[in-house]
Amino acid sequence: MGRIWSDENKYRCWLRVEIAASQALAKAGMVPQEAADAIRDKGDFTVARINEIEAEVRHDVIAFTTTVAEYIGPESRWLHYGLTSTDVVDTAQALQLKEASAIIRAGIVRLGEVLRARALEFKHTPTIGRTHGVHAEPTTFGLKLLLWYSETQRNLVRFDAAAEELRVGKLSGAVGTFGHLKPEHEEAICAELGLTPVAIATQVVQRDRHAAYVATLAVLVSTLDKIATEVRHLQRTEVREAEEFFSEKQKGSSAMPHKRNPIVSEQISGLARVVRGNAQTAFENVALWHERDISHSSAERVILPDSTILADYLLAKTATLIEKLMVYPARMMKNLESTGGLIFSGQLLLDLAESGMLREDAYRLVQGHAMRSWKEELVFKDEVAKEPEITGRLSPEKLARAFDYSRQLANVDAIFARVLGAS
């Protein structure tokens, strides 16, 4: 990913555009074929020479074309024929983004595969579901992973759409009017480069496309942040239902030898903030003065490399985090049972209502025992078994059924089928 955004590759992409343009214009009879072939065969550069010239002329495209012309010779008068700087820069940037997007897409796919595999592994592993950080009702660890898998699939769809919107070229001149070339020339050049011509432009490809792309990366890394945040919570000493892989020689603290800290998850959460911040800059780049200014250009030289590099890095980190995640089903069961059955209050409420008790009365009765069990650290299941208003309506078998977690998890297979299909 870093190579894609190197100066060397950037200028190689610029040269690809110049070569494609000269060849297309030669076929149209606007440029001599021998000149187009010379541009293709002799055109070259060194980054050092471009930098040397740019230091004097303070214009990167002029520095580039001057350097390439030195390699071509007399035929260089046909180089950059009919083009303006951004015809080359924006079209070449699309080539870079196409390369970057292929890598990111592979990372999203890999993360999805890891999440799917581990979701199936823990499909029926009971754990406590929490709302507001408080024990709610039983779920499975597989469902937690399946949720992330499903979100990752949505991210893939969003990313494909955003990447496709940036697979575009623009060679319509200084204000987008085709003052020197024709639309069919642009179409031919873009076809050679594997791009689609934009329907309309000013001097630049409109930056709503780039904003949507970076925003999509921001949503993507927010999912990774979400996963990492959950791992951080699960690794807390009081919870310890799962934790990051900790190697034999790894150390968690310079002062406390016992520490095993979720450093990878914290890295993911921290760097996701950078990409989300870059999205704001991408939004600011949409509004340019009249037919073009360059306020977006300097910002994009930071946010596009940084956002794609970070997205790639964080996808790899998250996939490895989940792949090597240490999971503790016994601790999950211990936590699930730690409140003495309080988490089944909702099922008990429904069973009492089904028995004929008014819901308001059932709620008052169950909540009273629940609050007392919280306060006095009693076993809720035992306390309700002593309550005549309950035992008079529910047999021992029905009462036991109210506290059976498998009853609430009976539809796990159906949820997996919804997400994964027949597989």
Side-chain angles (χ1 to χ4, degrees), residues 1-2 4-5 10 13 60 84-105 107-108 151-170 172 174-176 195-229 267-315 318:
M1 185 65 84
I4 290 170
W5 297 108
K10 177 180 74 173
C13 289
D60 54 355
T84 191
S85 296
T86 310
D87 287 337
V88 175
V89 172
D90 271 9
T91 304
Q93 183 174 264
L95 298 176
Q96 290 177 280
L97 286 165
K98 185 179 175 183
E99 287 186 71
S101 295
I103 294 175
I104 292 171
R105 191 183 198 281
I108 298 172
E151 189 165 329
T152 298
Q153 298 310 107
R154 293 195 298 278
N155 280 325
L156 182 58
V157 172
R158 280 188 287 259
F159 180 75
D160 281 346
E164 181 62 21
E165 281 195 341
L166 276 179
R167 194 181 60 81
V168 294
K170 175 267 168 193
S172 53
V175 292
L195 303 175
T196 300
V198 296
I200 183 171
T202 57
Q203 191 176 91
V204 296
V205 172
Q206 299 307 286
R207 260 45 195 180
D208 62 292
R209 297 173 185 267
H210 303 72
Y213 184 84
V214 181
T216 300
L217 292 182
V219 174
L220 169 64
V221 300
S222 293
T223 296
L224 309 184
D225 184 10
K226 172 183 185 173
I227 294 170
T229 298
Q267 249 184 12
I268 294 167
S269 290
L271 291 174
R273 298 167 189 168
V274 177
V275 182
R276 288 196 291 266
N278 287 348
Q280 181 61 44
T281 302
F283 296 144
E284 299 294 334
N285 283 349
V286 173
L288 303 177
W289 286 11
H290 303 300
E291 280 59 62
R292 187 234 181 168
D293 64 55
I294 63 167
S295 59
H296 67 288
S297 178
S298 54
E300 282 181 359
R301 294 181 191 216
V302 176
I303 65 171
L304 293 181
D306 281 10
S307 297
T308 51
I309 288 169
L310 280 174
D312 178 39
Y313 177 76
L314 294 177
L315 281 164
T318 307

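Computed from a predicted structure; not experimentally measured.
Taking the side chain as every heavy atom from C-beta outward, Q93 and V205 never approach each other to under 4.5 Å. In this structure the side chain of Q206 reaches within 4.5 angstrom of the side chain of T202, judged on heavy atoms. Residues N285 and H210 have side chains not in contact (no heavy-atom distance under 4.5 Å, counting atoms from C-beta outward). Annotation: side chain of K98 is not in contact with side chain of I4 (no heavy-atom distance under 4.5 Å). The closest side-chain heavy-atom distance from L95 to L195 is below 4.5 Å. In this structure the side chain of P305 never reaches within 4.5 angstrom of the side chain of R301, judged on heavy atoms. Looking only at side-chain heavy atoms (C-beta outward), T223 and R154 stay at 4.5 Å or farther from each other. Side-chain contact check for Q96 versus L304: every heavy-atom pair is 4.5 Å or farther apart.
Remark: I303 CD1 to E284 CD distance equals 10.5 Å, nearest 0.5 Å. Atom CG of N155 is separated from atom CG of L220 by 5.0 Å, given to the nearest 0.5 angstrom. Rounding to the nearest 0.5 Å places CZ of R273 at 11.0 Å from OG of S222. Here the straight-line distance linking atom CD1 of I104 with atom CG of L156 works out to 12.0 Å at 0.5 Å rounding. Note that CG of D306 is 11.5 Å distant from CG of L217, once rounded to the nearest 0.5 Å. In this structure, OH in Y313 is found 10.0 Å from OG1 in T318, a value given to the nearest 0.5 Å.
Contact between L224 and L315 at its shortest, heavy atoms only, is CD1-N, 3.7 Å. Here the closest heavy-atom approach between residue A272 and residue D225 is recorded as CB-CB, 3.9 Å. Shown here for F159 and S101, the closest heavy-atom pair between the two residues is CE2-O, 3.4 Å. Of all heavy-atom pairs between V221 and A311, the closest is CG1-CA, 4.2 Å. Of all heavy-atom pairs between E165 and A212, the closest is OE1-CB, 4.3 Å. Scanning both residues, D87 and S172, for their nearest heavy atoms gives OD1-N, 3.3 Å.
Between R292 and D90 there is no salt bridge, since no side-chain nitrogen of the basic residue lies less than 4.0 Å from a carboxylate oxygen of the acidic one.
More than 12 heavy atoms of other residues, nucleotides or ligands lie within 6.0 Å of CZ in R158, so this atom counts as buried by the packing criterion.
Between S307 and the choices T216, N278, T281, the side-chain hydrogen bond (donor to acceptor under 3.5 Å, both in side chains) rule is met once, by N278.
The closest donor-acceptor contact from the side chain of K170 to the backbone of Q203 lies under 3.5 Å.
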Problem set entry | Intermediate values then yes/no, salt bridge (charged side-chain N to carboxylate O under 4.0 Å, His left out), R167 and D160 | CA-CA 11 Å; R167 194 181 60 81; D160 281 346; over 6 Å; no
